[in-house]
**Student:** 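Below: one structure in structure tokens.
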Amino acid sequence: MDRNRKQRQLLALPYVLWSIAFTVIPLLVIIRYAVTDKDGHFSVSNLLAFSTPVNAKAFLISLEIALICTVICVLLAYPLVMVVRRLRISRMTFMLFFLIMPMWMNFILRMLALQMILSNNGILNMIVTGLGFQPLALANTKAAVIIGVVYDYLPFMMLPIFNTISDIGEDVLEAASDLGASPLSVFFRVILPMSLPGLKSGITIVFVPSMTSFVIADILGGGKIQLIGNIIEQEFTRSTNWNLGSGLSAALMLFMLVGMSFTIKDDILPSHPVKDEEGEKKEAPGGEGISRRAVL
Amino acid sequence: MKKRILAAAAMLLCLPLGACEGKNQPARELTVFNLCEYMDPKAIEMFTLETGITIKYEEALTAEDMYTKYKAGGIDYDLLCTCDYMVRRLIAEGEVQPVDFSSFEYGKNIGQRYWDYATAYDPGNKYSLPYFWGTVGILYDTTKVHGPIDSWDVLFNGEYSGEIIMQNSMMDTYIVALKYLGYSLNTTDEAEIRAAQDLLVAQKPDVSAYLVDEARDEVVAGNATMAVVYSGEAYLGREYNPNLDYVIPKEGTELWIDSWLVTKNCKDPDAAKQFLDFLCREDVAQMNFEYIYYSTPNEAVLNGLSDEERADEALAPDPDSCQNSEICLQSDAATTELLNELWKELRGN
Amino acid sequence: MKKKLLDLVSRFYFIIIMFFLYAPILVMIVLSFNNSRSRVVWGGFTLQWYKTLFSNRQIREAFFFTIGLALLSAVIALLIGTAAAFGIHAMRRRGYAIMMGVTNIPLLNADIVTGIALMLWFIRFLPLGSGSVLIAHVTFNIPYVILALLPKIEQMNMAIYEASRDLGATAVRGFFTMILPQLTGGLLSGFFMAVTMSMDDFMITYFTRGAGVNTLSTMIYGEIRKGIKPEMYALSTVIFAAVFLILICVNFWPSNRKAEKRREGII
Amino acid sequence: MENIIELKNVTKRFEDDGSAAVKDFNLSVKRGEFVTFLGPSGCGKTTTLRMIAGFDTPTSGSILLDGRDITALPPNKRPINTVFQRYALFPHLNIYDNIAFGLKLKKIKEDEIRKKVTEVLEIVDLAGFEKRSTSTLSGGQQQRVAIARAIVNEPEVLLLDEPLGALDLKLRQVMQRELMRIKKEVNITFIYVTHDQGEALTMSDRIVVMNKGIIQQTGDPVSIYDEPQNAFVADFIGESNIIDGIMVRDRLVKIQGVDVPCVDTGFAENEAVDVVIRPEDLDIVEEGAGFIDGLVTEVIYEGAYYDIRVMAGDYEWHIQSNMSATPGKKAGLAILPDNIQIMHKPRSSDEEIIEKD
């Protein structure tokens, strides 16, 4: 068994080498810039710049937008995945294609099209006013940025969840309802815990990049929403202060890795996800601690 | 189709080899680094056809991106086309070599006025060849404004609150405020810069959006009444919506010039000069003008324009309206850093 | 009755989401027939962009390069990433955490940071060309493959594999007959994500490419300032229609339907 | 004993093509009974079971539990539990949590749950396995957990859907005895689905033989085996020689042109019938000494008996005998009259046979 394990670990070798060559070393390049000042002397001021009011504010807004977007993606993805199961469109490949196909159109083209839909005189407002409602002021707002990020990342949340859920045998779900679980408890006690690995991947793929998705903020947010990604980009280009840009980047990375290490530790959970707390019927739904409802 | 993809794949695999190819072959070749969409591809083909010199052509989104990639040194570029302050910086860093433009067959096509402008960043016109130029001004919808638009004031007096689009780029935003306040846009005086900052912060609630590339479209589409744009953008905007007009405010503005440079490591300076001379030739300049529609410094082309076109502020600003205008030079590091910080503050506000 | 209602609600929800995902695509398709170079002005219906599209050499070259790059980088990433996912799965806590950390780095960094860092590193030993772009794309594609596969592997029944090993199957045979079929979904989504990321990338391609190397993405970014050329919308529409047709054909191919029925049929 | 489950005129049609999986099914199951649905795959036995469990709803007809109509009740509200063919354990839960799943949903107190789980683990012979993960168990162990998970809820009826299908022969036999023991211990009504006639004969109180959605015969194992009511049952239960015959008159049937005495009466004269003879009822005798002669084509020693094939005319007879024969030689076949089963030819296509699986 142990020897087997060792052998299996060796499979990661090409990736280890590849990532040392093309991920870790370039990362070291960045870190070198991060811990030196413009004259090449050691300095942590670039890392600490993370806490200046302007940068911290951008970071908090990024965090907020990334959180909101991730939660929305999760909330949209689960019902969608469940619907796909229900509709018995059992051809997974077909569904995968169908969901990811819009993503094969160029990102910028999609964002510009989305902007045309959301803008003040845009298509959405034409429909809304056509129906006799007040036009929506979505253009150049945080809401527009959130819509854009959700639009861009929803498929990336859906795919990993879909993958784990599509694998759950129908008989396992039947077993749960046979043992007395209502459709809701089947979801919260079986489907959700079993899809946790996929959810984890989805959150990583959505949450992390949405913090730095400055192009969406520029196009849909009208440049009024400044994400940490915008600042990093500016430091690297307009102001050519690579040291500061690297410092902010490294600090962001550090923050995320620390945050991530908690979720990695948490994966003891999937095997025994819930110690049942009696009588705890109503918790606020949301986030990963989605409440498990009482049985009907 | 499948074959093509396979061929492309095969091409990719061979590339590290292919990259060395150029060094073994005697064929002449130039590596040209230009800004995006800044040359008619037909011109390149034509040059190769005429001279036998092949062109490896790359484009950069911004002058800064170009600088970054050029400075990294991974590719030996022969020719660069970049903007005024970047030219100054490259000259100062000794990255470019002097060129004797008087030896050019078609050099005289470039009007003296533009050589004079260029001395601001290239004293003595030793290094750079003006390519296209223009101004920063206000593009507005004549059906939506009340009263004449001739001053930056309309952006700051609150009259058009929520209908204004500013540039999402640091310098193009600050020059507006500095010029409006009557300062030089190359000022290094912190007090003046901070005054501009206060003005912009106060203006922010009135601004609908800070955009770069989409600013023009927003005015064309009627989502905004006015936008700060480059003159070339304004020309294009009016092509799509005849109700639009462009004005260079009376307080003056930024006058920008993009120019060609020959790098210090240029492998074949003669070929490079040949290429620049080629760009000055009437037919080539005409072709590029029609492709780009920015103001051209090529008098041969200008002479061929209709009267209407020549009267167009966006296409051919006359010397008078440029009177109060300056070329942005991005003076010293401290000022740049200050502007940077203030810009981030403004955007994050 | 209740079931009918649930059916209705879920169908409605599905349609809404699909509309959300496809609305911008519809806009793009409409723009491809717009007889105006500006995206915000409708200048009447035209097919001219399709004509000019096919006669434009730059677009054609960029198109084939983009597709080739996307497929090749996705396949390489799939090979390395699949092996890596198994390796990582077999690791204990610390190794697992380190590898996952490394995997997250390309996701974590803003593209421009990754792009510049790779460029600074490449220029020391590798001429910037299309080879360097390929390496860069593989690098940022691998994490998507790993993230798509790892949940599947964690969920997978390793016992079957071990049983097959017990029964004398070689490791390779066991892998191809027992493991791979269980991973199809993960492999596919990893591959799709990789292709998507590769096609969408601009920044990293920009900094790691050599002169003369163009992808559709770099072309489109370059065009933003002067307005996206309508040919790009036409090209997108063509790609979309092609993929869509293939998809429909594959799904409604008679033989597939029969197999489907058989599988879903009587137990 | 009162009826616990009653199925009345239950029909299930598939939505897509309208074909019937189960047709006009009527059955009463008594409390404490062990009833087995037996038939080839596709015969509708699993569909019937799923309707009792509540996973499928009948197109028409009704299902009664204790006299109460439960036809429309969802599975989670039926006091019926199921043991699935592939166990369907929850992979994200350990053994304890798997078994406690149903009890937790019923909001039973934690210490009560613990007690019950420990008890049931003892019943299925897995005491001390609480903390193990399901993936560390063998197939047989997983099946025990699946059974424990179901019976811990003390259901009125336990449904078992080919629960031993995935196990190897040896384990299957052990588990058969285990199941019978557990049945005795918990005294719950069992409804068991299988396509394995041996399993059905060993364990059941009553067997329901099904084909093409229709009950072919219902009865205790002995009557099903000894007195199959039609050729399908005869063929499906155990092995049989089924050959065309003509009823010459009462107690005389013509097989392959030979008149053979039998005990059956009540057929029309010269009626075409199916004649069913179990292989073990045939004896190998000297050439000419039996009712028919044939060429011995194959002899296989099976331990307890010889498995012999004899070609007579165009029919290959199958014989299981403790007497051997020599392949290539002629031999005779002998039979006692009361070992011959005479059956009417099937009338409708529904009764038409014989799907070998």
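Letters go in sequence order (proteins before strands), and every chain restarts at 1. Keep in mind the model is a prediction, meaning the values are calculated, not measured.
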**Student:** Out of the candidates A:Thr212, A:Val29, A:Ile30, only one should pair with C:Val113 under the side-chain contact (heavy atoms from CB on, under 4.5 Å) rule; please name it.
**Tutor:**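 Passing option: A:Ile30.
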**Student:** For chain C, which candidate among A:Ile123, A:Leu109, A:Val208 shows the most heavy-atom pairs at distances under 4.5 Å?
**Tutor:** A:Leu109
**Student:** Quick one: sort the A:Phe156 and C:Tyr144 rings into parallel, tilted or perpendicular, breaks at 30° and 60°.
**Tutor:**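 A:Phe156 vs C:Tyr144 ring planes: tilted.
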**Student:** Counting only N and O atoms by type, is there a donor-acceptor contact under 3.5 Å from the side chain of C:Asp200 to the main-chain atoms of A:Phe107?
**Tutor:** yes
**Student:** Which answer fits C:Phe125, side chain, backbone, both or neither, if we ask what part of it has an atom under 4.5 Å from a heavy atom of chain A?
**Tutor:** side chain
**Student:** Indicate yes or no: at least one non-hydrogen side-chain atom of A:Val215 is less than 4.5 angstrom from one of C:Phe202.
**Tutor:**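 No, side chains not in contact.
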**Student:** Heavy-atom distance under 4.5 Å to chain C: side chain of A:Ile25, backbone, both or neither?
**Tutor:** side chain
**Student:** Apply side chain to side chain contact (heavy atoms under 4.5 Å, CB included) to A:Met253 and C:Asn109, showing your working.
**Tutor:** CA-CA 7 Å; A:Met253 215 177 318; C:Asn109 271 329; 3.0 Å; yes
**Student:** Counting heavy-atom pairs under 4.5 Å with chain C, which one of A:Leu154, A:Leu80, A:Leu114 comes out on top?
**Tutor:** A:Leu80
**Student:** Please check: side-chain N/O of C:Trp121 versus main-chain N/O of A:Ala21, any donor-acceptor pairing under 3.5 Å?
**Tutor:**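 Confirmed, C:Trp121 side chain pairs with A:Ala21 backbone.
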**Student:** Can you check side chain to side chain contact (heavy atoms under 4.5 Å, CB included) on A:Met256 and C:Asn104, steps first, answer last?
**Tutor:** CA-CA 9 Å; A:Met256 300 298 277; C:Asn104 281 317; over 6 Å; no
**Student:** Find out whether C:Ile25 and A:Arg110 are in side-chain contact, i.e. whether some heavy atom of one side chain is under 4.5 Å from a heavy atom of the other.
**Tutor:**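 Yes, side chains in contact.
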**Student:** Is chain C contacted by the side chain of A:Trp18, its backbone, both, or neither, given a heavy-atom distance below 4.5 Å?
**Tutor:** side chain
**Student:** Does the side chain of C:Thr114 come within less than 4.5 Å of A:Phe22's, by heavy atoms?
**Tutor:** no
**Student:** Using non-hydrogen atoms and a limit below 4.5 Å, what part of residues 244-252 of chain A faces chain C?
**Tutor:** A:Ser249, A:Leu252
**Student:** Under a 4.5 Å heavy-atom cut-off, does chain C meet the side chain of A:Leu112, its backbone, both or neither?
**Tutor:** both
**Student:** How close do C:Gly87 and A:Leu11 get, heavy atom to heavy atom, and via which atoms?
**Tutor:** N-CB, 4.0 Å
**Student:** Pair C:Ile142, A:Ser19 - check side chain to side chain contact (heavy atoms under 4.5 Å, CB included), show working.
**Tutor:** CA-CA 9 Å; C:Ile142 296 176; A:Ser19 57; over 6 Å; no
**Student:** Take C:Met203 and A:Glu233 through the test side chain to side chain contact (heavy atoms under 4.5 Å, CB included) and record every step on the way to the result.
**Tutor:** CA-CA 10 Å; C:Met203 275 293 176; A:Glu233 194 248 11; 4.3 Å; yes
**Student:** If you measure from CD1 on C:Ile146 to OG1 on A:Thr204, what distance do you get to the nearest 0.5 Å?
**Tutor:** 12.0 Å
**Student:** Let me know if A:Ile117 has heavy atoms under 4.5 Å from chain C in its side chain, its backbone, both or neither.
**Tutor:**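 A:Ile117 touches chain C through side-chain heavy atoms alone.
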**Student:** Could you tell me which non-hydrogen atom of A:Met101 sits nearest to which non-hydrogen atom of C:Val243, and how far apart they are?
**Tutor:** SD-CG1, 3.1 Å
**Student:** Looking at C:Phe244, C:Tyr22, C:Phe122, which one has more heavy-atom pairs under 4.5 Å with chain A than the rest?
**Tutor:** C:Tyr22
**Student:** Check each atom of A:Tyr33 against the heavy atoms of chain C and say whether the ones under 4.5 Å are side chain, backbone, both or neither.
**Tutor:** side chain
**Student:** Nearest 0.5 Å, please: how far is CG in C:Leu216 from CE in A:Met105?
**Tutor:** 10.5 Å
**Student:** C:Pro151 and A:Gly198: which non-hydrogen atoms are nearest, and at how many Å?
**Tutor:**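 C:Pro151 and A:Gly198 have their closest heavy atoms at CB-N, 3.7 Å.
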**Student:** Measure the shortest side-chain to side-chain distance between A:Gln115 and C:Arg39 over non-hydrogen atoms and say whether it is less than 4.5 angstrom.
**Tutor:** yes
**Student:** Search all heavy atoms of A:Asn163 against all heavy atoms of C:Ala148 and return the closest pair with its distance.
**Tutor:**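 Shortest heavy-atom contact: ND2-O, 4.3 Å.
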**Student:** Tell me, do C:Pro106 and A:Thr23 make a side-chain contact under 4.5 Å, heavy atoms counted?
**Tutor:**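 SC-SC contact between C:Pro106 and A:Thr23 confirmed.
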**Student:** Do A:Leu76 and C:Tyr13 have side chains that get closer than 4.5 Å, going by heavy atoms?
**Tutor:**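 Yes, close enough: below the 4.5 Å cut-off.
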**Student:** Picking from C:Asp111, C:Ile224, C:Val138, which has the most non-hydrogen pairs under 4.5 angstrom with chain A?
**Tutor:**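 Most heavy-atom pairs under 4.5 Å with chain A: C:Val138.
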**Student:** Indicate the ring-plane relationship of C:Phe192 and A:Trp104, choosing parallel, tilted or perpendicular according to the 30° and 60° boundaries.
**Tutor:**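 C:Phe192 and A:Trp104: perpendicular rings.
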**Student:** Between A:Leu28 and chain C, which part of the residue has a heavy atom less than 4.5 Å away: side chain, backbone, both or neither?
**Tutor:** neither
**Student:** Please tell me if the side chains of A:Tyr15 and C:Met99 come closer than 4.5 Å, counting only heavy atoms from C-beta onward.
**Tutor:** yes
**Student:** Indicate the atoms forming the closest heavy-atom contact of C:Arg92 with A:Gln9, along with that distance.
**Tutor:** N-NE2, 4.1 Å
**Student:** Quick one, A:Met116 and C:Leu31 - any side-chain contact, counting heavy atoms below 4.5 Å?
**Tutor:** yes
**Student:** For the candidates C:Phe20, C:Phe140, C:Phe240, which exhibits the highest count of non-hydrogen atom pairs separated by less than 4.5 Å from chain A?
**Tutor:** C:Phe20
